[in-house]
Amino acid sequence: MTTMAPTCALPAATETVPQAELIARATAAREALGDRLVILGHHYQKHEVIRFADITGDSFLLARRGAEATGADLVVFLGVYFMAEAADILSQPHQRVVLPDLGAGCHLAECADIFTVNDAWQQVTDQFPDRTIVPLTYMNSGADLKAFVGRNGGAVCTSGNAERAFRWARQQGDMVFFFPDEHLGRNTACRLGLAPDAPVVWDPRRADLGGIAPDALAASDIILWKGFCNVHTGFTVRQIEEARATYPGVTVIVHPECPRPVVEAADEDGSTEDIIRRLDELPTGSAVAIGTDWNLVDRLRINHPDKTVFCLKEDLCPCVTMNRITLPRLTWVLESLAAGEVPNVVTVDDDMAADARLALDRMLAL
Ligand code: 13P
Ligand code: SF4
């Protein structure tokens, strides 16, 4: 089981302290901690906290870089829970991973709980006793699901390497069962040359083979879990049409957690790292519409004053859980650490971590 330390109450006064004072206090506490601490920041974090990150990146890059910072025994993760868990799984024994708000979950990761996954797995393996079924899970999943996948011969993937992971999994067996993002799964299947409707979709709310007809299940070799990100499913083809009408020649880049029709209507799709890299390559004067979380798009807009960078959905509701990591929370964490207390530690049990590590190592070996 994953152990979750209780979220310590944020001192009430911290919420009302002026921002300049919080920045000064957080800076002083950070300096006092020196090399004992490394702060990792995901691209979707608010500007007010990402400025404190020693390393920024996508979820997997950050987990690895934390473990490589062997001089630091404290890792503060500016991101969401599954990322902090992955950092703990990959961490050195002397390191502790701290998440400033333990309520910072991920809607997509929550779509696949281990009990429902176990039940689905049992049904599929009972249905096809002669087939080898290979489980794959997206990085956006709980440590318990990563461990399940590791125990059953599968691997983890990220949006940056999903295509490679799918190819690998298809070589290992007869069927791939992918958790928890239907859209990333379908977009990846299309990259492999399959039709969008070639994979079947397992609905965890249906008791009968996930609502899939037995014949259709037998005929398909990719099963996708019916999970989704509530931020990326907010992007639509209509928004792309409007962006093209307003900015002729605009380049539209979306994250592969977006539904298939949106990816098809866009010019490109890619992980957060890919989006950042692509924007760097585009010439001065380009107009670029981006379909991913608002904090990243806004930062890209600020960092590329020579281009017109905007979010595909103007009124996008940003990822609310990413935004739970605030400057008052970070200040509280840093001051607690400087005072010798270690709040909000994220720990994955050793057995679970060992199995999850198998799945992560298989991804690394791809
Ligand atoms: P990355 O894997 O690119 O870090 O993305 C994580 C995520 O949550 C996307 O919504
Ligand atoms: Fe999860 Fe979506 Fe937020 Fe990414 S943007 S952390 S997938 S809810």
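The first residue in the sequence is number 1, and the count goes up from there. Just follow the structure's listing: the first ligand is 1, and inside any ligand the first atom is 1.
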Report the protein N/O/S neighbours of atom 1 (Fe) of ligand 2 that fall below 2.8 Å; do not count waters. Cys106 SG
Salt bridge check: are Arg131 and Asp174 linked by an N-O gap of less than 4.0 Å? no
Show which atoms of ligand 2 fall inside a sub-4.0 Å distance from at least one heavy-atom site of Tyr44. 4 (Fe), 5 (S)
Does Arg191 pair with Asp269 as a salt bridge, N-O distance under 4.0 Å? yes
Any salt bridge between Glu241 and Arg244, counting N to O under 4.0 Å? no
Is it true that the side chains of Ser271 and Asp274 contain a donor and an acceptor less than 3.5 Å apart? yes
side-chain contact (heavy atoms from CB on, under 4.5 Å), that's the test. Do Leu90 and Arg357 meet it? Break it down for me. CA-CA 7 Å; Leu90 295 174; Arg357 178 95 204 213; 3.8 Å; yes
Result for side chain to side chain donor-acceptor pair (under 3.5 Å) between Tyr44 and one of Thr292, Asp58, Asn323 points to Thr292
Do Val80 and Leu316 land in one hydrophobic cluster if side-chain heavy atoms of ILVMFWY residues count as linked below 4.5 Å? no
If you look only at pairs with a residue in residues 205-214, which of them pass as a side chain to side chain donor-acceptor pair (under 3.5 Å), with sequence neighbours excluded? Asp203-Arg205, Arg206-Asp208
Assess whether a salt bridge exists between Asp54 and Arg30, defined as any Lys/Arg side-chain N lying under 4.0 Å from an Asp/Glu carboxylate O. yes
What does the 4.0 Å heavy-atom contact list look like for ligand 1? His42, Tyr44, Asp58, Ser59, Asn140, Ser159, His232, His255, Glu257, Thr272
Can you list the residues that meet the salt bridge (charged side-chain N to carboxylate O under 4.0 Å, His left out) rule with Arg167, with sequence neighbours excluded? Glu163
